[in-house]
Amino acid sequence: MSFPVKKILYGVGPALGLTLLASAGLAQEAAPMAEAAAAAPAATPVLDAGNTAWMLTSTALVLMMTIPGLALFYGGMVRKKNVLGTMMQSFAVTCLITVLWMVIGYSLAFTGESPYIGGLDRPYLTGHEKETLAGTIPESVFMMFQMTFAIITPALITGAFADRMKFSSMLVFMGAWLLVVYAPICHWVWMLAADGSAVGFLGQMGVLDFAGGTVVHINAGIAGLVAAIVLGPRKGYGTDNMAPHNLTLSVIGASLLWVGWFGFNAGSAVAADGRAGMAMAVTQIATAAAALSWMFTEWLLRKKPSVLGIVSGAVAGLVAITPASGFVGPTGALAIGLVAGVMCYWGATSLKHALKYDDSLDAFGVHGIGGIVGAILTGVFAVKAIGGTAGALEGNTAQVLTQIYGVGITLVYTAIATFILLKVIDLVMGLRVSPEEEREGLDLSLHGETIH
Amino acid sequence: MSFPVKKILYGVGPALGLTLLASAGLAQEAAPMAEAAAAAPAATPVLDAGNTAWMLTSTALVLMMTIPGLALFYGGMVRKKNVLGTMMQSFAVTCLITVLWMVIGYSLAFTGESPYIGGLDRPYLTGHEKETLAGTIPESVFMMFQMTFAIITPALITGAFADRMKFSSMLVFMGAWLLVVYAPICHWVWMLAADGSAVGFLGQMGVLDFAGGTVVHINAGIAGLVAAIVLGPRKGYGTDNMAPHNLTLSVIGASLLWVGWFGFNAGSAVAADGRAGMAMAVTQIATAAAALSWMFTEWLLRKKPSVLGIVSGAVAGLVAITPASGFVGPTGALAIGLVAGVMCYWGATSLKHALKYDDSLDAFGVHGIGGIVGAILTGVFAVKAIGGTAGALEGNTAQVLTQIYGVGITLVYTAIATFILLKVIDLVMGLRVSPEEEREGLDLSLHGETIH
Amino acid sequence: MSFPVKKILYGVGPALGLTLLASAGLAQEAAPMAEAAAAAPAATPVLDAGNTAWMLTSTALVLMMTIPGLALFYGGMVRKKNVLGTMMQSFAVTCLITVLWMVIGYSLAFTGESPYIGGLDRPYLTGHEKETLAGTIPESVFMMFQMTFAIITPALITGAFADRMKFSSMLVFMGAWLLVVYAPICHWVWMLAADGSAVGFLGQMGVLDFAGGTVVHINAGIAGLVAAIVLGPRKGYGTDNMAPHNLTLSVIGASLLWVGWFGFNAGSAVAADGRAGMAMAVTQIATAAAALSWMFTEWLLRKKPSVLGIVSGAVAGLVAITPASGFVGPTGALAIGLVAGVMCYWGATSLKHALKYDDSLDAFGVHGIGGIVGAILTGVFAVKAIGGTAGALEGNTAQVLTQIYGVGITLVYTAIATFILLKVIDLVMGLRVSPEEEREGLDLSLHGETIH
Amino acid sequence: MKLIMAIIKPFKLDEVREALTPLGVQGLTVSEVKGFGRQKGQTEIYRGAEYVVNFLPKVKIEVAVNDDIADRVIEAIQAAARTGKIGDGKIFVMDIGQAVRIRTGEANAEAL
Amino acid sequence: MKLIMAIIKPFKLDEVREALTPLGVQGLTVSEVKGFGRQKGQTEIYRGAEYVVNFLPKVKIEVAVNDDIADRVIEAIQAAARTGKIGDGKIFVMDIGQAVRIRTGEANAEAL
Amino acid sequence: MKLIMAIIKPFKLDEVREALTPLGVQGLTVSEVKGFGRQKGQTEIYRGAEYVVNFLPKVKIEVAVNDDIADRVIEAIQAAARTGKIGDGKIFVMDIGQAVRIRTGEANAEAL
Ligand SMILES: Nc1ncnc2c1ncn2[C@@H]1O[C@H](COP(=O)(O)OP(=O)(O)O)[C@@H](O)[C@H]1O
Ligand SMILES: Nc1ncnc2c1ncn2[C@@H]1O[C@H](COP(=O)(O)OP(=O)(O)O)[C@@H](O)[C@H]1O
Ligand SMILES: Nc1ncnc2c1ncn2[C@@H]1O[C@H](COP(=O)(O)OP(=O)(O)O)[C@@H](O)[C@H]1O
């Protein structure tokens, strides 16, 4: 572990100048991640209706993950007085990020030639003509598909500070976080040149992240952890009964996350082909394996298999397979799922209670831990025949280090940037609702509504 | 506004004889709306699996909008004693319209050469062989896709008379309304000849309605307004507490409407291509913009941003972008959304309370107003490069008048026909439940069931 | 009826050796059921992105049927104290079957040349390369699509023994049932050779089952009936109030089943073509017809049209059209739906109460009866131009007998195997929770959670 | 002091509350209850299984008042809650030995 | 008249109600309550956080009866509600000063 | 014996319960109620329709105690439930004529 730690230390700083060193030491062949424009760089790309059909569908599926999926998953876990406020966070984030992505976010993430950040030259989706293509699909579809990722990532964070953040501050934070944290990291990992080669520095280095282990889950998980610590625990945490008020909502939510995740992972092939099919299969297998491994672990340790446990395990599996989904095969997926279920169970129970932060709905425990597990194991189980890159099991042990490096960079950058953003917002407008508002519940105090 | 009013007056009458005059004065090039058979009129059309895949998916998405989407959106807004009855209305309308559409509705809407109404020669889907195509997709898929539109339109009306209509009368009304109001208007706007040219008189005139601003939303909104007035307000309206009993249901419903609307709008391209992609993108942008503009308006005026507000705004945006979705670009969508959010907020709050009708769940306030805003602004923001027709901003100011004309015709025809239908049904079998049934709630009194 | 009865008697036994006799007497041309590899046996199959897009989507839709669809449909019908336990059954079955299907189930169902059972030579999806095709789609997608069928079938059974089975025993039973009952029956009906000809003995015999009338619904329905009888009725059955606690959940569930069923039936075409389109259309029509026929029957006999009634009718229609969906046209679908609604109403009310078993949520009453009605009527209404096989109405009366034969074999095999499995598990670990646990409710006693 | 407990039809609650204000009643406490009595409930039918709902939704009002206005309060409740149809409910009156306002510690008459 | 308040296990409600009918009790009022007592609740565990549920679901029956049958009513409730296991509940008896039937205005014994 | 009925703010329930244990109170019964009083509720706004919520969520505690500890129980409740802000609630005390433990048939003091 000493090597990546060193890398992490090197890797942080304004210019992150160690790219050269690292690319010499670590980089394999450039792994085309999202493959937006990857197919046949020589011939003029033409629109493929089949691929476009699948990407339109995938976009709808990924939107469904956030609303209503995540809104329900989180909404069912809070106390009754906060359910509307919690669901509203996912919904409002969806709206806010949509507009910001269109105004400038997409430009920051997916234009330019810098390995660190995109340009400002395509605000308001300038240059999106009806005919513009990204690979074999319209660029408008690629832009939309990526937008749904930009939406769910901040929405995931809301689980960490449930029940206590001001709605206004939450909006400001999420908007800033999209531009300052999400857009650059997305660029580092997924920005490709027209010829399909990686532009972002993590992509160039060969970090594998098929559908968002670092960009989405580690990113959101770490941001959530920082937010939970900065905001402090809920009033009554550890003494009051904070049992989830209605887990039927969480079961619906987890199920829609699962179904929608096929768009997330298999959609990241940006084609309706064998790689998409394999991504869907490994997603299903890892998810089921993690759900079972969480369930049996809890059954063993706590005597009862809980509904919250099995659905949490499923989400843990979905998270962990995300970076791996275009790179590993069925047995790799099974292994990743089994490990992720146990590790996230530990993250959401022992670790959280040992360290005493109040990550209310386990944004870090599930997405942070699951994302890290998945990112690293991608380096272990990657199969050359599937994604073009071999993993440690096929002899390429360096890939594990590359993966750890990617995790480290993301982790450190997110943690620092999130911390600064939150502190600034706290100074300017405050982060937490008043104790009275918190006691009364967000539904009534912030939104003037309640479940009758 | 004097011009369209005159047009509206002209435009009404049994034969709607002003077609000639109007087509001389207003019509632009014929805008292929649903483009069923538009592609390559010269060559023999062949089935495209990619387009078919997207249209199969779109059909599923649009069905999901009504059940469970709309059923939940409406069901969450009524009082607890009416939730099952309200959801049942959407479900029963789905079943009833399916059978009627198959028996004769599709024939009335999509056959024949008359500009006013389809023929009776394809009852029971006669002539739907497995191989019959509509453009590049099987006709069975086109028929199904259109069926889901025919289902949601009457289902939307149920929001206006929630909590007080007899279930039997509702079924009779909806069946009659499909044949007398929906099928002809659908024919006027969307019926195309085999060569892709418009057959219906509004289509011929160049009225732009990509996915149903007039056919679906204005139509349902106005019918709802008339129904709300004819039935009269709910017992206790204005005095009793009629707060929505469970807005979590409405959030799920609004979210599924949003996701499903990708099928509605992007599916209206009847292909998986750049126009579909652009339709999806502008749908997303307008929806988010309208949700935010409703939310901020309410926040400003009422001090709190409500959950019901943001989801209502989203639906308002979805409605307003519907006619525009294949014709405008991202910035046009942003503008349409921002305007729609504010206007529908005004429609569902000030206007309704000023005029004192009880449009219980704001079928008119959201769908009527939103549809009118969207239809007119389509004429402003249409981009020639996207949908083949320029709007006022590109110099074609006449398009705005054409749009207003289309709105006017729809509005007047729907209002009169709906009024007559309701009055006749009232005479024959009565429209309202008894006061005791209304007090006890529809769930128990009409359906013998309740939420425990 | 004497003929099929004789066949049934013959048809049972270790080797089911009457294949020869039966194929001489009954078999028509081999009907390619799932047509996995059917297209163009001569030319090398190539991947079709459009077909693949639709099959990826269909897989997502069918998974959505089980979670959250079925989980909600069943969850809303039980008493409040059992809702989480009921939803958990569907969720846990999804996870368990996923892993088992990957480990050996797929190999047992879809490999080998025996007409009775698949081989053990492709455990852990051995041989699934990224490029392997099944017809025009990747084999990984075919495997996933079939997996979702293997998931929902056992999940359907849980409705029969709701509120009283031990969770551990349920898992063991479901795992064993998949391998001992589902995998072979699936093989009998749907296993095709590379050239598209039937391998399984029921397929060879010409039994028509497009999307799972026998394999899924009769199978699950009969297993449910046996389970309901073996476990015995719920404590308080017939005296306590066991009214569904929240039918809003069931309406959502039924709606998602309906939407997802497009993937089930139209997806069974394994292509985005005219047959898929027709399958979708007939699914919609039969479902609506059955919903209305159940509703009007109940309205007539019980004075009120209930929400539970209309949604049950819809599910009955979905079940009944399942085997027929690739073989019949719109009017056949209408007839099948109308009959299924009435028959399943009778099954779930009169029949159940007359025979006094406690099929709690009518797994048999809806899926068993509906599946049998559909399987037989497929033989009546099949249209040669649609699915390649004529039915009785087109003169091929023998097809009805073939269908009855298929029903009989399935029914007897399932009943016996399910009975034995349950008895063995009962001996080893017990099937029922204790009376105290049952009274307290599964949520708290088995899972340690509750709805607050 | 008296504790007046009234079991009424739910939709009469607001009328009853409004009828008490002019009498100087400044507070009351309400519970959702289920009543069994002469009034018979609806039958719910679920797939052929009939459940006669013996218990009907009622609202229970508990209001503590001084002895001097007790009779008028009882009359006001009876007048406001009455529909004349079966199931209108009952009023029961009990003695309160002691009353305390938690916020201030005030006792008895001052506490109400 | 007496107000008999019984706190019982929820699943015993129907038995208790049936036990009272032969005694001439024509009405009663039921509330869902939560009881704290010697009986200990289940532990719910959510991702490692344990909540011992101190309050268990109980049903409270309030029934007003004439003095002459009060003892028999108490006995009947006790017999019907008893399981012999901890948590069976309690019966408390209080005096009612006055009773009114809202529908008719009948008072006291006639009101019940 | 006394029946002490306290209407308090919901979030004070656990504190009140804990305050009673040292006094030897071994059981109590709790209901969710809605209170109308001097404390005014929030306004809910739904698409422009405003509903002032007159009834606020409260919790009603009913606890039967022997006469000797009644005063201490009342004091303990008042102390634990008090926030000093409007809406803290009330305590009413009534006489219990008889008490029975259902499980054992024990009566009065032994029944509690
Ligand atoms: N003896 C009683 N004790 C307590 N509550 C009673 C009693 N009798 C009736 N009630 C309550 O009063 C309600 C109305 O009584 P019911 O007999 O139906 O009609 P009515 O009020 O017209 O006499 C019942 O639902 C029940 O809640
Ligand atoms: N002193 C009391 N005052 C009011 N209610 C009580 C009292 N003691 C017990 N109860 C109620 O009786 C229920 C049962 O009491 P518990 O002590 O658990 O068992 P048991 O009834 O066997 O003595 C409690 O849950 C509570 O609702
Ligand atoms: N006369 C009364 N009878 C019964 N309950 C009362 C009475 N007055 C007040 N309450 C209850 O006490 C609660 C608090 O009373 P309120 O007047 O709001 O404030 P405070 O307790 O500070 O005087 C009320 O919500 C109501 O539940």
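Everything numeric here is computed off the predicted structure, so don't read it as measured data. Each chain gets a letter, A, B and so on, in the order its sequence line appears, and its residues count up from 1.
Contacts of B:Met295 with chain A are made by side-chain atoms alone, with heavy-atom separations under 4.5 Å and no backbone atom involved. Neither the backbone nor the side chain of A:Ile252 comes within less than 4.5 Å of any heavy atom in chain B. For B:Ala49, no part lies near chain A; criterion is any non-hydrogen pair under 4.5 Å. Heavy atoms of B:Trp299 lying under 4.5 Å from chain A belong exclusively to its side chain. For B:Leu308, the parts sitting under 4.5 Å from any heavy atom of chain A are the backbone and the side chain alike. For B:Val311, the parts lying under 4.5 angstrom from a heavy atom of chain A are both the backbone and the side chain. With a 4.5 angstrom heavy-atom cutoff, A:Ser168 touches chain B via backbone and side-chain atoms both. Both the backbone and the side chain of B:Asn51 come within less than 4.5 Å of a heavy atom in chain A. If you measure heavy-atom distances from A:Met64 to chain B, the contacts under 4.5 Å come from both the backbone and the side chain. At a 4.5 Å heavy-atom cutoff, the contact between B:Thr248 and chain A is made by backbone and side-chain atoms alike. There is no contact between B:Ala290 and chain A, counting heavy-atom distances below 4.5 Å. Proximity to chain B is limited to the side chain of A:Leu47, based on heavy atoms less than 4.5 angstrom apart. At a 4.5 Å heavy-atom cutoff, A:Ala272 makes no contact with chain B through either its backbone or its side chain.
Cation-pi check for B:Arg275 over B:Phe210 is not met; the charged atom does not lie both under 6.0 angstrom from the ring centroid and within 45 degrees of its normal.
If you tally non-hydrogen atom pairs under 4.5 Å between each of A:Met102, A:Glu139, A:Met87, A:Met147 and chain B, the highest count goes to A:Met102. Note: A:Leu72 leads A:Thr66, A:Leu72, A:Val83 in heavy-atom pairs under 4.5 Å with chain B. Options B:Leu334, B:Asn246, B:Ile310 differ in how many heavy-atom pairs under 4.5 Å they form with chain A, and the most are formed by B:Ile310. For the options A:Val141, A:Thr450, A:Leu63, heavy-atom pairs under 4.5 Å to chain B are most numerous at A:Leu63. Between chain B and the residues A:Gly448, A:Pro138, A:Ala53, the most heavy-atom pairs under 4.5 angstrom are made by A:Ala53. No other option in B:Pro330, B:Ala281, B:Gly277, B:Pro305 has as many heavy-atom pairs under 4.5 Å with chain A as B:Pro305. Among B:Ser255, B:Gly253, B:Ala289, the residue making the largest number of heavy-atom pairs under 4.5 Å with chain A is B:Ser255. In terms of non-hydrogen atom pairs under 4.5 Å with chain A, the most contact-rich of B:Val259, B:Leu256, B:Thr57, B:Asp48 is B:Val259.
The closest donor-acceptor contact from the side chain of A:Thr86 to the backbone of A:Gly75 lies at 3.5 Å or more, if one exists at all. Distance alone, capped at 3.5 Å, places no donor-acceptor pair between the A:Glu440 side chain and the A:Glu437 backbone. Remark: the backbone N or O of A:Ala155 is paired with a side-chain donor or acceptor of A:Thr158 at under 3.5 angstrom. Listed for the A:Thr111 side chain is a donor-acceptor partner under 3.5 Å among the backbone atoms of A:Gly119. Side-chain atoms of A:Glu449 do not come within 3.5 Å of backbone N or O of A:Leu444 as any donor-acceptor pair. Of the possible polar contacts, one joining the A:Asp273 side chain to the A:Ala276 backbone as a donor-acceptor pair under 3.5 Å is found.
With no hydrogens or angles considered, a side-chain donor-acceptor pair links B:Gln284 and B:Trp258 at under 3.5 Å. A donor-acceptor contact closer than 3.5 angstrom links the side chains of B:Glu298 and B:Ser306.
When all heavy atoms are compared, the tightest approach of A:Gly135 to A:Pro45 is O-CB, 3.4 Å.
Checked against a 6.0 Å centroid threshold, the rings of A:His128 and A:Phe142 do not count as neighbours.
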TODO: Take B:Asn265 and B:Thr283, measure what side chain to side chain donor-acceptor pair (under 3.5 Å) needs, and give me the verdict at the end.
DONE: CA-CA 7 Å; B:Asn265 286 359; B:Thr283 298; 3.0 Å; yes
TODO: Check the pair A:Phe264, A:Phe149 against ring-ring contact (aromatic ring centres under 6.0 Å, His included), reporting the backbone distance first and the verdict last.
DONE: CA-CA 8 Å; A:Phe264 205 86; A:Phe149 283 61; 4.1 Å; yes
